[in-house]
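Please read all numbers here as calculations on a predicted model, not as lab measurements. To find a chain, count down the sequence lines: A is the first, B the second, and so on, and within it residues start at 1. The figures that follow rest on heavy atoms only: side chains count, while hydrogens, waters and symmetry mates do not.
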Protein chains: 2
Amino acid sequence: MKPDHFHVTSECTMVNEILSRVGDKWTVLVVSYLGNGAMRFNELRRTVSGISQKMLTTTLRGLERDGFVTRTIFPTIPPRVEYELTDLGRELLVPVRALGAWAVSNHDRVLAARNRFDAAQGAVSEPFGPERNLSEAAE
Amino acid sequence: MKPDHFHVTSECTMVNEILSRVGDKWTVLVVSYLGNGAMRFNELRRTVSGISQKMLTTTLRGLERDGFVTRTIFPTIPPRVEYELTDLGRELLVPVRALGAWAVSNHDRVLAARNRFDAAQGAVSEPFGPERNLSEAAE
DNA sequence: CGGCATCCATTCCGATACTG
DNA sequence: CAGTATCGGAATGGATGCCG
């Protein structure tokens with residue numbers, strides 16, 4: 001058999017757990033920003049820009065639960081809550097950023113393949129005018 | 001240690017695109033198995049074991065669209081369709097497996113953090129009997 | 001064998017309103 | 001400021017049936 005290939009069985013459960021956490025809509029954004037240092041709730045809210053406070057709370061709770069961020073409350077008036085990556089979170093950041101770097105490097109290749117595929121699909125169903133907006137199927 | 005930090009702005013769109021593709025329920029499984037060599041449709045179906053043919057089709061189409069796998073049809077009787085990773089797909093496999101390796105290595109730490117968190121949550125809302133099944137909230 | 005189409009359950013996520 | 005609670009729409013994913 002092949003030299004590489006680690007057993008694709010129960011390990012994938014763990015891999016999928018991590019990827020599901022990391023692959024959702026906001027986690028990477030939040031973790032990436034927190035990679036620059038501790039931040040407060042509304043500071044994150046403004047920075048991520050587009051996230052609802054519900055999803056920010058949900059995302060942060062999930063990350064806290066899995067031990068990737070700490071939540072520190074300063075009982076002042078007004079209250080102050082800071083979120084910061086744990087060691088585990090910073091370690092996670094390494095492979096995540098590797099994947100991120102890959103994504104940035106190969107974004108164009110993916111887009112090109114996507115356009116090629118969509119053009120080919122449009123050609124069979126619409127032989128007379130396959131000209132489609134390239135961004136229609138992307139989102 | 002934090003001399004890194006690449007700009008967390010538009011790059012994250014691409015990162016999130018890749019992570020959303022890779023973070024769904026089946027993609028990593030399928031790509032991992034295809035990393036061992038070309039496979040037929042029902043061969044994949046049997047191997048992944050648990051996937052519906054709808055999701056297998058959807059997953060493979062998405063991967064094909066983004067240029068990660070090729071789909072080769074042999075017009076025999078019965079028809080034979082083989083899926084294989086492209087160069088792009090094999091390159092993607094590298095950072096994905098790095099993340100996978102991290103997930104396997106640190107799975108226990110995540111679980112421990114999760115149990116700690118859940119125990120702490122149960123303690124405040126249920127002061128008399130915080131004993132909960134450790135797997136109830138995991139899935 | 002390798003699909004696609006349809007229906008249905010679940011989950012995700014955003015908008016809004018309210019609380020300490 | 002930092003949340004919680006609730007609603008509804010959108011997206012995801014499974015089961016089933018049909019087709020070349």
For the side chain of A:W26, starting at C-beta, report the closest nucleotide among C:dG14, D:dT16, C:dT16.
C:dG14

From the set C:dG2, C:dC13, C:dC4, return the single nucleotide nearest to any side-chain atom of B:Q53.
C:dC4

What nucleotide among C:dC7, D:dG3, C:dG2 has an atom nearest to a side-chain atom of B:K54?
C:dC7

Between D:dG20, D:dA2, C:dG14, which one does the side chain of A:K25 approach most closely?
C:dG14

At less than 4.0 Å, is any side-chain N or O atom of B:R45 found next to OP1 or OP2 of C:dG3? Yes or no.
no

Could you state the interatomic distance from CZ (A:R114) to CG (A:D108), rounded to the nearest 0.5 Å?
12.0 Å

Rounded off to whole Å, could you give me the OH-to-C1' distance for the B:Y83 and C:dG2 pair?
7 Å

Output the single nucleotide from D:dC1, D:dT4, C:dC1 whose closest atom is nearest the side chain of A:P78.
D:dC1

Kindly say if B:R40 contacts the phosphate of C:dG2, meaning a side-chain N or O under 4.0 Å from OP1 or OP2.
yes

To the nearest Å, give me how far apart CD1 (A:I77) and C1' (C:dG20) are.
10 Å

Could you give the CD-to-P distance, from B:E43 to C:dG3, as a whole number of Å?
13 Å

Where the side chain of B:R61 is concerned, which of C:dG3, C:dT6, C:dC1 is the nearest nucleotide?
C:dG3

A:I73 with A:L63, same ILVMFWY side-chain cluster at under 4.5 Å
yes

Can you identify which nucleotide, out of D:dG3, D:dC1, C:dC13, has its nearest atom closest to the A:R46 side chain?
D:dC1

To the nearest angstrom, the CG-P distance between A:L56 and C:dG14 comes to 11 Å

Looking at every strand, decide which applies to A:F74 at a 4.0 Å heavy-atom threshold: base, sugar-phosphate, or nothing.
nothing

Could you check how far CD1 of A:I51 sits from P of C:dC12, rounded to whole Å?
15 Å

Side chain of B:N42, heavy atoms from C-beta onward: which of C:dG14, C:dG2, D:dA2 has the nearest atom to it?
C:dG2

Rounded to the nearest 0.5 Å, how far apart are CZ of B:R97 and CG of B:L92?
10.5 Å

